Each structure stands twice: as structure tokens, then as C-alpha cells.
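One structure is given here, and the rest of the page talks about it.
Residue numbers run from 1 in the order of the sequence given. Whatever order the structure lists ligands and atoms in, that order sets their numbers, starting from 1. Model, not experiment: these values are computed from the prediction.
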Amino acid sequence: DLKLNSKVADMKLADFGHKEMQLSEREVPGLMELIKKYGDTKPLKGLKIAGSLHMTIQTAMLIKTLHALGADLRWASCNIFSTQDHAAAAVVDAKLAKVFAWKGESLEEFWWCTEMALTWEDGSGPDLIVDDGGDATLLVHKGVAVEKDPSLLKKSYDNKEFQVVMDRLALSYEKNPKHWTEIAKKIRGVSEETTTGVARLYNMQKDGTLLFPAFNVNDCVTKSKFDNLYGCRESLADGIKRATDIMIAGKVAVICGYGDVGKGSAQSLRGFGARVLVTEIDPICALQAAMEGYEVVTMEEAAELGDIFVTATGNFHVITKDHMLKMKDEAIVCNIGHFDNEIEMIYLETTPECKRINIKPQVDKWMLPSGRSIIILAEGRLVNLGCATGHPSFVMSASFTNQVLAQLELAKENNLKNQVYILPKKLDEEVARLHLARLGVKLTTLTKEQADYLDVNPAGPYKSEHYRY
Ligand SMILES: NC(=O)C1=CN([C@@H]2O[C@H](COP(=O)(O)OP(=O)(O)OC[C@H]3O[C@@H](n4cnc5c(N)ncnc54)[C@H](O)[C@@H]3O)[C@@H](O)[C@H]2O)C=CC1
Ligand SMILES: Nc1ncnc2c1ncn2[C@@H]1O[C@H](CO)C(=O)[C@H]1O
């Protein structure tokens, strides 16, 4: 396998990918600025970067930037449905990275791709990881764990996906029982894209099991208060409409979770004229939803009311078997959270009385024992990337500018500990500044008197560490 240059769906799509990458340049000002600033000095020269992040046109521009800064790249997607095959082909064709990703991977193929992204032709591993959801970081950590305790390979696991991971690790253990231990030693750190991946990192930091330093890119203000919020505001409706062509106006939409993603999702469907109900566990977010005029209900109440259901919690089994059995005939059910367990898909997939009728790729009608059916999008995986193309380039430019800044910090080898770090506010403000011109924003400059009055530096940072945007 390791001699494999790349594995993508169709290299004939490369030209289309190049055209869409070129068209996105105007929309990724932050990335273009980083290439201008560092393209000559190449601060990532000689460093190997493994990526596990949706292989889209936007990610192709992130890869282009990391490549321009000197990195040697291998890439997989972090979701079986989110690859845009023309983006993958263009990246391979332009020799920006070796790519192992295609839309519609099986779970076994997904974990093979992830391992291929983490392993160079000579069997060596990366210096740095760009992760989204933490699956690449998980494979390295579980690899080290089984090499410490091979008996873990003998067990059988109820969780189907975890069993696939352990089967894959059994193969690498057979080839080299020190493979992952050697790889982990060399890794300078990981930069993590999303809320759920960041939660995993803080759990490992708390348990003391983190094997290398990590940057929490999600909690850059110019990531989560933009991508999670405004990105979902645009790409959620895109996913639902491309999948079902449903009229949203006048329908009852139920958004589970009112965090950054839930806020953008609720606003998205309200914008199309839906009557939006919200469910929440957190009194503060529930109060925010109420202040915005949303009706805050429980899923038990909402199950029989909704026409369209969207989970956005980062939690699991938020929409359960009981909820599905109460739903209207042909209610649409989807998830925009990172993992596919927000909807209890295991009930549908393991109950003989539940019959799946495939309408088209990533759109299934499930006949239920209730005598009614529901429409499940992208098999419960994130609907904006499974049924559409994810967030547009402009908002991803801010997220990915933070990713590159985090990679540059990790590359410096400045004795970071095995813990989770956040980029400084000054850089966050810089990322925002890089995106103003494209929108014609005219920023006001503080006078010295005003700066003194506010007790801030005229060049920033403009807010305290505890400021909530
Ligand atoms: N599809 C996409 O493009 C994106 C997906 N994400 C993912 O979306 C998920 C949510 O992300 P954020 O909004 O940033 O997280 P968040 O933590 O800001 O919001 C999640 C909210 O869900 C609530 N919640 C948890 N369990 C719940 C339950 N059982 N019922 C109702 N509410 C519940 C929490 O109280 C919280 O307010 C994560 O998995 C994240 O990785 C994030 C950004 C973009
Ligand atoms: N078009 C896109 N390309 C790459 N990543 C994306 C895109 N849209 C959303 N995402 C990311 O997907 C993760 C969730 O897996 C986020 O937190 C977003 O930053």
C-alpha cells in the first residue's frame, strides 16, 4: 500500500477542481495573505503534515497554502461522505499532497485512508497533524495503546466502528509492533478544527493521556463564531434542499442544540420562513433561544410536531427510536454535528421491521413499525458536507488561516507541553483584519486618548481575555 501515490475517485475531474480552486482564491484572502507572507521563507520546509479534514475545495486551498509554506503533505477526509472528488483529484494532479479520499468510502476504507495519510512511503510518520473530529489523533493514540497492551487486539467490540479501528491496528501490529509508538514520538503536535474533536483533546489532557501538544483551533473566535455560526447558516439549508428540494417556508423545523451551530442552523431555517422549535439542556443557551423568539421545547414534545429535524449538539442519541416512532409521515431527519450518533441510527440499522428505501445517494426513506416513514439524510452524518459542499470558502478562509497559524506555532518546537493550547487574541484579531477588505469594511482607528481611556493598545488586543463575543 505505502508505494501508493494516492487513491481518489477519478483523476479526470482534476481540471474541474483546478477551476474551482482558482475561483475560490478571491474568497480566501487570509490564506492568500499567508502564502504572500511566508511563501518565500517556507517555515514548514522539511516538515511532514498529515491531514484528516473534509477533502473539499476549501480544504484544497488549505493544502495549497501549507504546501506553499514548504510542507510535505498526505491527506484523508474526516468523513466518508464529505469528499468532493474534483477537489481531491486537483490536489493530487497539482502534486500538492498525496490524497486518500473519495465520496462514499466504507468504514474500513475510511480507516485505511486515515492510516495512509499518517504513514509515509518509508514507514515514517508526520511531524504535524491537522485534525477535524480527532480520528487521526485517535488512531495514533489507540495504536500506541495496543502496542503497549496487545491483548486489546484479542477482544471483540460492540461498537462497529471501533471494531474496524482495532482490526486495522491488528494489521499494523503484525507488520511492526512498534509502528505507532515510533510515529507518536516524532509528532510535534496536532491542530484540531472542530468542537467535538476539541472535547476529545480536553478529555485526554484531563486523563493525562495526550501524547503530544495540541492547538484548539475551534475556539479561535474567528473560527467558531464564524464557521460554526454563519457557515452553518448558509450550508445547512443548502444540504437539506439539495437532498430533498423541500419547501422550508411554513414548515415546523426542530433544531436540537442552540450552541454556535444550533444558532446558525435555527437562523438559517427561520430565514426560509420555517417555524423553528429549539431543544436545549443548557439554561443559558435555552434562554438565548427564547430571547430570539424561538419556542424552546423538549424532543418528546417536538417529535410529533416537526416536519424537519436537525441535530447540532455534539452529543449522542439526541433523536431516539421513540422520537422517530412518534414523527409525522415522511418527516425529514438530519444531523449537522460532527459524528453520526446524534440520531439513533443503530435502531434503524439493526431492527428488521425498519425498511430502508434508497432515494438517491445520501437520501434514504425508512419505513417504520409505526406505519409511517422518515427521510434520513447522509445516514445521520453531517448533512451540509454529505448532501452539499459544506461551508463556502470565505468563512473557511478564516478557520483555515487559524489552522495554518496553529501549524506554524507547533512547527517552532518551543517546548510545548502535552496539553491543549489556544492561539493568542492578537492573532485572532489579525485573522479578522485579513478578511475585512473583501467585504469593503472600513475600520475606525482609536485615537491615543481613546486608547488610553479604554486602557487598550491602539494596535490591539482590543478585548480582555474574558470577553465573550
Ligand atoms: N457540520 C459542520 O460544518 C460543523 C459541525 N460542527 C459540529 O457541530 C456540533 C456542535 O458544535 P457547536 O455548536 O460548536 O457546539 P456547542 O457546544 O457550542 O453547542 C452544542 C449545544 O448542544 C447542547 N446539547 C448537548 N446535548 C443536548 C441534548 N441532548 N439536547 C439538546 N441540546 C443539547 C449543548 O448544551 C450546547 O449548547 C459539534 O459536533 C461540532 O463539532 C461544528 C462546526 C461546523
Ligand atoms: N467546506 C468545508 N470544507 C472543509 N471543512 C468544512 C467545510 N464546511 C465545514 N467544515 C468543517 O467541518 C467541521 C466539522 O467536521 C467544522 O468544524 C467545520 O470547520
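- Taken from CH2 in W111 to CE in M116, the straight-line distance is 16.0 Å, to the nearest 0.5 Å.
- Taking atom 7 (C) of ligand 1 as the reference point, the nearest protein heavy-atom neighbour is H338 N, 3.6 Å.
- The part of A312 lying near ligand 1 is the backbone, judged by heavy-atom distances below 4.0 Å.
- For atom 8 (O) of ligand 1, the closest heavy atom belonging to the protein is G337 CA, 3.4 Å.
- To the nearest 0.5 angstrom, Y230 atom OH is 11.0 Å from K263 atom NZ.
- Under the 4.0 Å criterion applied to side-chain N and carboxylate O atoms, E429 and K426 are not assigned as salt-bridge partners.
- Ion pairing between K326 and D322 fails under the 4.0 Å rule for side-chain N and carboxylate O.
- At a heavy-atom cutoff of 4.0 Å, ligand 1 is contacted by the side chain of N315 but not by its backbone.
- Rounded to the nearest 0.5 angstrom, T389 OG1 and E20 CD are separated by 8.0 Å.
- Short contacts between ligand 1 and D227, defined as distances under 4.0 Å to a heavy atom of the residue, involve ligand atoms 43 (C), 44 (C).
- If you number the atoms of ligand 1 from 1 as listed, the ones under 4.0 Å from a heavy atom of L382 come out as 1 (N).
- Which parts of ligand 1 touch C285 is read off a 4.0 Å heavy-atom cut-off, strictly below it: atoms 37 (O).
- A salt bridge links D135 to R200: one of the charged nitrogens lies within less than 4.0 Å of a carboxylate oxygen.
- In summary, the atoms of ligand 1 found under 4.0 Å from a heavy atom of N384, numbered by their order in the structure, are 1 (N), 2 (C), 3 (O).
- Note that CE of M327 and CG of L305 are 10.5 Å apart. Values are rounded to the nearest 0.5 Å.
- Near T279, the atoms of ligand 1 lying under 4.0 angstrom from a non-hydrogen atom of the residue are 31 (C), 32 (N).
- In terms of protein heavy atoms, atom 13 (O) of ligand 1 is closest to V261 N, 2.8 Å.
- Among all non-hydrogen protein atoms, the one lying nearest atom 4 (C) of ligand 1 is I336 O, 3.9 Å.
- Regarding atom 41 (O) of ligand 1, its nearest protein heavy-atom neighbour is T194 OG1, 2.7 Å.
- By the 4.5 Å heavy-atom criterion applied to side chains, H67 and L73 are counted as neighbours.
- Taking CZ of F110 as the start and CZ of R168 as the end, the distance is 12.0 Å to the nearest 0.5 Å.
- Remark: ligand 1 and Y258 share no N or O pair separated by less than 3.5 Å (distance only, no angle test).
- The shortest distance between side-chain heavy atoms of I375 and V363 falls below 4.5 Å.
- Residue contacts with ligand 1 do not include G390, since none of its heavy atoms lies under 4.0 Å from the ligand.
- Using a 3.5 Å distance cut-off with no hydrogens or angles, the side chains of T114 and S52 do not pair a donor with an acceptor.
- Counting protein heavy atoms only, atom 20 (C) of ligand 1 is closest to T313 O, 3.5 Å.
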Anything under 3.5 Å between a donor and an acceptor, one on a side chain of residues 271-281, the other on a protein residue two or more places apart or in another chain? List them.
unit_1 : atom_1 : unit_2 : atom_2 : d
R275   : NH2    : G250   : O      : 3.4
E280   : OE1    : D282   : N      : 2.9
E280   : OE2    : Y258   : N      : 2.7

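- Across G133, G386, G257, heavy-atom proximity to atom 32 (N) of ligand 1 is greatest for G257.
- Enumerated by chain and number, the residues approaching ligand 2 to less than 4.0 Å through a heavy atom are L53, H54, T56, Q58, T59, D132, E193, T194, K223, D227, H338, L382, L385, T389, G390, H391, M396, F400.
- Below 4.0 Å from some heavy atom of D282 lie the following atoms of ligand 1, by number and element: 35 (O).
- Rounding to the nearest 0.5 angstrom, the gap separating the CG atom in N216 from the CD atom in E193 is 10.5 Å.
- Under the 4.0 angstrom criterion for non-hydrogen atoms, G231 is not in contact with ligand 1.
- Ligand 1 has no nitrogen or oxygen under 3.5 angstrom from a nitrogen or oxygen of C256.
- Protein heavy atom nearest atom 17 (O) of ligand 1, with residue, atom name and distance: T195 CG2, 4.1 Å.
- Listed by atom number, the atoms of ligand 1 under 4.0 Å from H391 heavy atoms are 3 (O), 44 (C).
- For atom 35 (O) of ligand 1, the closest non-hydrogen atom on the protein side is E280 OE1, 2.9 Å.
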message: Run R356 and E379 through salt bridge (Lys or Arg N to Asp or Glu O under 4.0 Å) and show every step you take.
response: CA-CA 11 Å; R356 175 179 177 177; E379 297 177 18; 3.0 Å; yes
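- Between W102 and W112, the two ring planes are tilted [angle within 30° to 60°].
- Every residue meeting the salt bridge (charged side-chain N to carboxylate O under 4.0 Å, His left out) condition with K98, not counting sequence neighbours, appears here in chain and number order: E121.
- Annotation: salt bridge (charged side-chain N to carboxylate O under 4.0 Å, His left out) contacts of D219 (sequence neighbours excluded): none.
- For ligand 1, the polar-atom distance check finds an N/O of D260 within less than 3.5 Å of one of the ligand's N/O atoms.
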